[in-house]
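Only one structure is covered here, and it is reproduced in the block below.
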Amino acid sequence: MRVALVLLPAVFFAVFFAYPVAAIVGRGLKTGEGGWQFGRFGEVLARPEILDVLWFTTWQAMASTVLTLLVALPGAYVFARYDFPGKQVLRAVVTVPFVLPTVVVGTAFLALVGRGGLLDELGGIRLDTTVWAILLAHVFFNYAVVVRTVGGLWAQLDPRQEEAARVLGASRFAAWRRVTLPALGPAVAAAGLMVFLFTYTSFGVIVILGGPGYRTLEAEIYRQTAQLLDLPTAAVLTLVQFAAVAAILAVHAWTVRRRESALRLVDPASTARRPRGAGQWALFGGVLASIVLLLLLPLGVLVARSLDAGGGLGYYRALMSVDAGGTFVVPPLEAVGNSLRYALAATAIAVLVGGLAAAALTRRAGRFVRGFDALLMLPLGVSAVTVGFGFLIALDEPPLDLRQEWILVPLAQALVGVPFVVRTMLPVLRAVDERLREAAAVLGASPLRAWREVDLPMVRRALLVAAGFAFAVSLGEFGATVFIARADAPTLPVAVARLLGRPGELNYGQAMALSTILMAVCAVALLLLERVRTGRTAAGSGEF
């Protein structure tokens, strides 16, 4: 049964992930005679400009991670321990930046700190093309990772343990440091590692805000591939990024296992209460102010910049026609319908592949299952630019000549969606009592019927949540799509990037308008997801 469940996901990843990546890496490292240019590693990694890229990629990821933890941990505490009106809506608002495409995140901060941005108008402060714009955008994007991961666990820690320490004479800080912090440690480490992973592989934010002076590995791979056509250098950098991210994921898996096995949790509803006293209200007000300034202000400025000088919808109307500059061969507004169609197809693929994989992983089988689990996470560790260019290189001959087929974009987007589906469904599937399946089998039910009658009713909401996340990340995928989206069928992120790449107020305003549309679509999907999430029973504590 397990082999049957694994077969489709394994074939999918082999054909649409391993094969394209191997093709592009092989094209870069093989000689004309069929040998391998392993000496290219030393040559590439010895270049001063490449060393600068490696150093910047690492230190900006570390700085972004530390800054995100410092800003978001108070928010995690407020959402975990306080009960207040509008809490679920505010939780959804906090999560909106995470599901936004990185292109929109970069565009929002460009509207805030760039030329003609709010800070530029108020005080002449321009932070675009500086590292501070990049760091703030990364905090904006990853705030929800810490709130969801750490806050979800914090809400289920029994507060009576800390209260007992205080009864025994410990101060409030000492009780928190000795009781609560060790319990939260693995969750904080897991959240920090996820933030580090997302910022280490940052692409859209760097392209829009970094300028020519700041490039991460992902941005450098794109430059070497698309602009310089230096495939050997791009192949070396792809393998370096893959090795680094594989190490990050290994550490992350270790911290998750510690978190799952070491803690005893209680019902979250029993730990939340209204803020009491001046100190708690001050903390609540401070967190609310940080959410408004850091998360809502950039989005509000983005919406304001999407309106023309008179506050009208001129930029939106301009999206309905083809521009004379040749940026598009179809009206930019068609990108909305393209993105929705692609994202729906990608979601169906991701739910099918990820659902089967999660069902297979439910049946624990030692190294086999751990190895398969790691395989499913690999798309997060390999450059999306490499995957996209690999699609063009590898999928160009029958029976897999897909370069002119519309399905190519959803396939690339589904690769990113599958890990989210697996991570959402797996804790719920593992929470299903195995004895129910055994009872169904004793009564004569086939494995398929047992899954339909036992598992499916319990995981239906988790399946909807997984589909929501897959839809959101597919809608915003940019790194691979920028290579394979056809000129007559661009996606929203690709259209935004094209508009920002051209000078002129009209192009800038249209980019802001398209970004606002994309933000609205993602926000609606997230709010629907939040309604589904809050209606299901808790399973898999601390899940994002």
Partner set under side-chain contact (heavy atoms from CB on, under 4.5 Å) for L352, not counting sequence neighbours: L8, L356

Closest non-hydrogen atom pair, Y508 against A111: OH-CA, 3.5 Å

Test ring-ring contact (aromatic ring centres under 6.0 Å, His included) applied to F471 - qualifying residues, sequence neighbours left out: none

Nearest non-hydrogen partners of V473 and A470, listed with the distance: CG2-O, 3.4 Å

Separation between CG of L302 and CG of L518, rounded to the nearest 0.5 Å: 9.5 Å

Interatomic spacing from CZ in R498 to CG in N507 - rounded to 0.5 Å: 12.5 Å

Donor-acceptor contacts under 3.5 Å from residues 407-421 side chains, at least two apart:
from, atom 1, to, atom 2, distance (Å)
Q413, NE2, S474, O, 3.2

Test ring pair (Phe, Tyr, Trp, His ring centres under 6.0 Å) applied to Y222 and F483, F389, F478, the passing residue: F483

Beyond-backbone contact of V303 with M519, side-chain heavy atoms, under 4.5 angstrom: yes

Heavy-atom donor-acceptor pair, N338 side chain to P490 backbone, under 3.5 Å: yes

Worked check of side-chain contact (heavy atoms from CB on, under 4.5 Å) between L237 and V53: CA-CA 10 Å; L237 296 180; V53 169; 5.9 Å; no

From CA spacing to verdict: side-chain contact (heavy atoms from CB on, under 4.5 Å), L90, F79: CA-CA 9 Å; L90 189 60; F79 278 101; 3.8 Å; yes

Close side-chain approach of I134 to Q60, heavy-atom, < 4.5 Å: yes

Distance (rounded to the nearest 0.5 Å) between L297 CG and L112 CG: 5.0 Å

Shortest non-hydrogen separation from F196 to A61 and the atoms involved: CE1-CB, 3.5 Å

Residue pair F109, H138: steps toward the side-chain contact (heavy atoms from CB on, under 4.5 Å) verdict: CA-CA 10 Å; F109 271 83; H138 284 161; over 6 Å; no

Spatial distance of atom CG (L475) from atom CG (L340) [nearest 0.5 Å]: 6.0 Å

Non-hydrogen side-chain atoms of F141 and T102 separated by less than 4.5 Å: yes

Ring geometry between F391 and F16 (parallel below 30°, tilted from 30 to 60°, perpendicular above 60°): tilted

Short side-chain donor-acceptor distance under 3.5 Å, R47 and T233: yes

Polar contact flag, side-chain donor to acceptor under 3.5 angstrom, T238-T386: yes

Among W59, W55, F56, W132, the one residue meeting ring pair (Phe, Tyr, Trp, His ring centres under 6.0 Å) with Y214: F56

Separation between CD1 of I291 and CG of L294, rounded to the nearest 0.5 Å: 9.5 Å

Closest contact, heavy atoms only, G75 versus Y143: CA-OH, 3.6 Å

Under 3.5 Å donor-acceptor, T57 side chain and L217 backbone: yes

From CD (E477) to CG (L492), nearest 0.5 Å: 13.0 Å

Closest non-hydrogen atom pair between Y342 and W406, with its separation: CE2-O, 3.6 Å

Close side-chain approach of I349 to F12, heavy-atom, < 4.5 Å: yes

Shortest non-hydrogen contact between L514 and A495, atoms and distance: CD1-CB, 3.6 Å

